[in-house]
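Notes follow once the structure below has been shown.
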Amino acid sequence: MRSPSHLVTLLLLVCPATVLAQTDPQTASLGRRLKQGPEPEHRVQAARLLGESEDPEALPLLCAGLEDPAAEVRAAAAGGLEKLGELGGLPCLEARKDEPDAAARAALASALGRLRQLKARPPKVYVLLNEVKDTTGTLPPELVKATEARMRRKLTQEGAWLAPEKEAEAVAKGVLRKHKLQGYRLTAEIRPGPSGGLKLVVMCTRYPGKVQLLGTIEVQASDAEPYELLWALAPEAVTETLATFKGK
């Protein structure tokens, strides 16, 4: 049985980077190919790979792909948004309601259906995720923000509703009552790992109201570049946090 003091250590023996999800430079490279690829087939391939990347940063790149002059690229971009599963893709898909090509229109409809289905799922938990902090002082700000984005993505995949920042306490309590949910506030910090890697520490408290600490989860990894380490740690930390504290 897990306890609030449960400590999880993720010893990541990293294989070549291709085993992991796309790294940020690769996502940027695919975005450039989707925008500037000389042939439609190059841009189609980029859209498909972005959809498979599990990278939240692929969302605006795929949305931009919906404006491509080639219908097959627009269809691939819609398919990529469906595969990516980011609810932020709904507005850009809905904005393409006048798509003239039948195949691209069908891809748009399929993606819209999938994302609307995800949005309509009954919530399992209500979570306020605070801004992720870097206590190492060595990481680029964009990497810290990417870590936070991946945590938000994993929370959504796990069925969490994300509370907005500066939400009024009465509003939050109303959400909990209406949907019969538990509310949690997660505060995450990136810290140096004991073996030269990185550690992601998540403190879980009640939400809303007066701070009531439920416990802390720690996951750590080493033997890879910081981006690869945090890519693995962000979803692992969310999984372990929800498994440990959900229902408490």
Atom [atom1] of [X] and atom [atom2] of [Y]: how far apart are they, to the nearest 0.5 Å?
| X | Y | atom1 | atom2 | value |
| --- | --- | --- | --- | --- |
| T239 | K154 | OG1 | NZ | 4.0 Å |
| L112 | E82 | CG | CD | 9.5 Å |
| M151 | L233 | CE | CG | 10.0 Å |
| L230 | L143 | CG | CG | 5.0 Å |
| L30 | H42 | CG | NE2 | 13.0 Å |
| I190 | K199 | CD1 | NZ | 13.0 Å |

Smallest separation among heavy atoms of [X] and [Y], with atom names:
| X | Y | result |
| --- | --- | --- |
| E86 | L115 | O-CD1, 3.6 Å |
| V202 | A237 | CG2-CB, 3.9 Å |
| V73 | P40 | CG2-O, 3.6 Å |
| R33 | R43 | O-CG, 3.5 Å |
| A172 | P208 | CB-CG, 3.8 Å |
| A77 | A47 | N-CB, 3.8 Å |

If hydrophobic clusters are built from ILVMFWY residues whose side chains come within less than 4.5 Å, do [X] and [Y] share one?
| X | Y | value |
| --- | --- | --- |
| L34 | L49 | yes |
| Y207 | L186 | no |
| V127 | V175 | no |
| I217 | L214 | yes |
| V219 | M203 | no |

Any side-chain heavy atom of E240 sitting closer than 4.5 Å to one from L200?
->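 Result no, sub-4.5 Å side-chain heavy-atom pair not found.
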Is there side-chain contact between P56 and L84, with heavy atoms separated by less than 4.5 Å?
->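 A side-chain contact under 4.5 Å is absent here.
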Does the side chain of Q45 pick up a donor-acceptor pair with the side chain of R48 at under 3.5 Å?
->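 Not at all, the side chains of Q45 and R48 share no donor-acceptor pair under 3.5 Å.
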Scan for ring-ring contact (aromatic ring centres under 6.0 Å, His included) pairs involving residues 151-172, sequence neighbours excluded, and state none if there are none.
->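 Matches after skipping sequence neighbours: W161-H179.
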Using atom types as modelled and distance alone, determine if a side-chain donor or acceptor of [X] lies under 3.5 Å from a backbone N or O of [Y].
| X | Y | result |
| --- | --- | --- |
| D134 | L139 | yes |
| S53 | L50 | yes |
| E228 | E225 | yes |
| Y184 | F245 | yes |
| R105 | E99 | yes |
| R74 | P69 | yes |

Crowding at CD, Q157 (>12 non-hydrogen neighbours, <6.0 Å) |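 Enclosed: over 12 neighbouring heavy atoms sit under 6.0 Å from CD of Q157.
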Kindly write out the residues that satisfy salt bridge (charged side-chain N to carboxylate O under 4.0 Å, His left out) with E148, not counting sequence neighbours, or none if the list is empty.
->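 Listed in chain order: K145, R152.
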Partner set under salt bridge (charged side-chain N to carboxylate O under 4.0 Å, His left out) for K35, not counting sequence neighbours =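 K35 satisfies salt bridge (charged side-chain N to carboxylate O under 4.0 Å, His left out) with no other residue.
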In a check of side chain to side chain donor-acceptor pair (under 3.5 Å) between T187 and each of T216, N130, T205, which one passes?
->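 In the set T216, N130, T205, the residue that makes a side chain to side chain donor-acceptor pair (under 3.5 Å) with T187 is N130.
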With side chain to side chain contact (heavy atoms under 4.5 Å, CB included) as the test, would you mind laying out the steps for L90 and L81 before giving the verdict?
-> CA-CA 9 Å; L90 278 170; L81 287 167; over 6 Å; no
How far apart are the C-alpha atoms of R96 and E67, what are their side-chain angles, what is the distance that settles it, and do they pass the salt bridge (Lys or Arg N to Asp or Glu O under 4.0 Å) test?
-> CA-CA 9 Å; R96 293 293 302 177; E67 304 291 335; 3.3 Å; yes
Would you check, one step at a time, whether the test side chain to side chain contact (heavy atoms under 4.5 Å, CB included) holds for C204 with T244?
-> CA-CA 10 Å; C204 182; T244 301; over 6 Å; no
K83 and E52 ion-paired at < 4.0 Å |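 No salt bridge links K83 with E52.
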